[in-house]
Colleague: 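Got a structure for you, questions after.
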Amino acid sequence: LQVWGSPDSLHRLPVHPLWQSPLTIPGGTRQSPINIQWRDSVYDPFLKPLKISYDPTTCLHIWNNGYSFLVEFDDSADRSIIVGGPLENQYRLKQFHFHWGAINEWGSEHTVDSKFYPAELHLVHWNAVVYPTFEEAVMEGNGLAVIGVFLKVNSLSHHEGLQTLVDALPAVKHKFDVFDPSCLIPSCPDYWTYAGSLTTPPLTESVTWIIKKKPIEVDENQLEAFRMLLFTSDGEEEKRMVDNFRPLQPLMNRTVRSSFQ
Ligand SMILES: NS(=O)(=O)c1ccc(S(=O)(=O)NCc2cccs2)s1
Ligand SMILES: [Zn+2]
């Protein structure tokens with residue numbers, strides 16, 4: 001396992017129970033997450049800007065699924081979609097969720113030049129143009145598109161949009177009225193993109209990853225609220241929901257492209 005961080009935090013990265021079993025896809029050639037080596041990424045001038053149009057009223061509810069908390073959207077029509085970027089079709093927003101660490105030294109799934117961020121947001125979309133259901137899209141190479149956004153802690157920057165989610169966490173089984181997740185995506189258009197996989201079971205190699213170069217900034221209390229969630233259900237011995245990120249996977253025969261020079 002990588003050892004990273006300032007000398008006083010030379011802990012070994014936790015291997016979370018979720019990942020202790022050899023959770024690799026036999027013969028997997030495009031697994032996620034990966035380390036993005038900035039200088040090895042290749043600028044592709046043909047990459048288009050990513051166009052994001054979300055309808056906040058498609059927001060359904062927030063819930064704890066045992067490895068993260070996720071906010072689900074009504075994906076029965078093309079109301080919250082992304083198009084452009086590296087994508088051939090438009091993709092429908094299905095849900096978003098986060099991965100985070102027990103401390104700010106780690107928590108993201110992807111790393112940039114071997115640097116972890118304290119957390120990473122994933123907005124999961126599926127190709128409803130080509131596939132009839134999300135479950136079928138999950139099994140196909142061009143079935144999913146996930147936007148990854150890094151979270152950085154800056155005690156002076158309280159993130160208004162994130163606070164709406166944080167306020168709902170204590171209840172977690174929480175009905176939302178409206179929430180527009182584009183408020184969680186940095187306005188800077190720059191991104192990296194590569195062909196990868198889901199980072200939790202079924203780990204299918206069906207994801208076009210779009211990783212935003214700029215992180216969003218949140219404050220410590222907001223991240224602490226994530227760490228108050230539990231992996232365990234009522235009545236079980238409490239296990240804090242932290243370190244729910246998959247170990248880095250080999251790049252193998254892949255190139256990471258950048259939309260910026
Ligand atoms: N961390 S990540 O963004 O790579 C994701 C992991 C799992 C995701 S899912 O929403 O597609 N659920 C998986 C499935 C549900 C039903 C059939 S497969 S997204
Ligand atoms: Zn994820």
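All ligand and atom numbering here is 1-based and tracks the order in the structure.
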Colleague: Show me which atoms of ligand 1 lie under 4.0 Å from any heavy atom of Val124.
Modeller: 3 (O), 19 (S)

Colleague: Please check if atom CD in Glu238 has more than 12 non-hydrogen atoms from other residues, nucleotides or ligands closer than 6.0 Å.
Modeller: no

Colleague: Heavy-atom contact check, 4.0 Å cutoff: does His97 meet ligand 1?
Modeller: yes

Colleague: Tell me if a side-chain donor or acceptor on Glu120 pairs with a main-chain N or O of Glu109 at a distance below 3.5 Å.
Modeller: yes

Colleague: Counting each atom of ligand 1 from 1 as listed, which ones have a heavy atom of Trp209 under 4.0 Å away?
Modeller: 3 (O), 4 (O)

Colleague: What is the name of the N/O/S atom in His122 that sits closest to the Zn ion (ligand 2)?
Modeller: ND1

Colleague: Residue-level breakdown please: for Ser32 versus ligand 1, do any non-hydrogen atoms fall below 4.0 Å on the side chain, on the backbone, on both, or on neither?
Modeller: neither

Colleague: Does either side chain, that of Trp106 or that of Asp243, offer a donor lying less than 3.5 Å from an acceptor on the other one?
Modeller: yes

Colleague: Does a sphere of radius 6.0 Å around NZ in Lys214 hold more than 12 heavy atoms from other residues, nucleotides or ligands, not counting ones at 6.0 Å or beyond?
Modeller: no

Colleague: Can you list the ligand 1 atoms lying under 4.0 Å from a non-hydrogen atom of His99?
Modeller: 1 (N)

Colleague: Looking at ligand 1, is there an atom of it that comes within less than 4.0 Å of some heavy atom belonging to Phe134?
Modeller: yes

Colleague: Once you restrict to heavy atoms under 4.0 Å, what part of Leu198 touches ligand 1? Side chain, backbone, both or neither.
Modeller: both

Colleague: Regarding ligand 1, does Glu135 bring an N or O atom to under 3.5 Å of one of the ligand's N or O atoms?
Modeller: no

Colleague: Out of Val146, Asn65, Thr199, who is nearest to atom 2 (S) of ligand 1 when you count heavy atoms only?
Modeller: Thr199

Colleague: Please find out if less than 6.0 Å separates the ring center of Trp192 from that of Trp209.
Modeller: no

Colleague: Give yes if a backbone or side-chain nitrogen or oxygen of Tyr67 is under 3.5 Å from a nitrogen or oxygen of ligand 1, and no if not.
Modeller: no

Colleague: List every atom of ligand 1 that sits less than 4.0 Å from any heavy atom of Thr200, numbering the atoms from 1 in the order shown and giving each element.
Modeller: 6 (C), 7 (C)

Colleague: Are the aromatic ring centres of Phe260 and Tyr43 under 6.0 angstrom apart?
Modeller: no

Colleague: Are Tyr67 and Phe231 an aromatic pair, judged by ring center distance below 6.0 Å?
Modeller: no

Colleague: For Arg92 and Asp78, run salt bridge (Lys or Arg N to Asp or Glu O under 4.0 Å): C-alpha distance rounded to whole Å, both residues' side-chain angles, the deciding distance at 0.1 Å, then the answer.
Modeller: CA-CA 6 Å; Arg92 266 185 211 169; Asp78 287 335; 2.5 Å; yes

Colleague: For ligand 1, which atoms have a heavy atom of Pro202 less than 4.0 angstrom away?
Modeller: 13 (C), 18 (S)

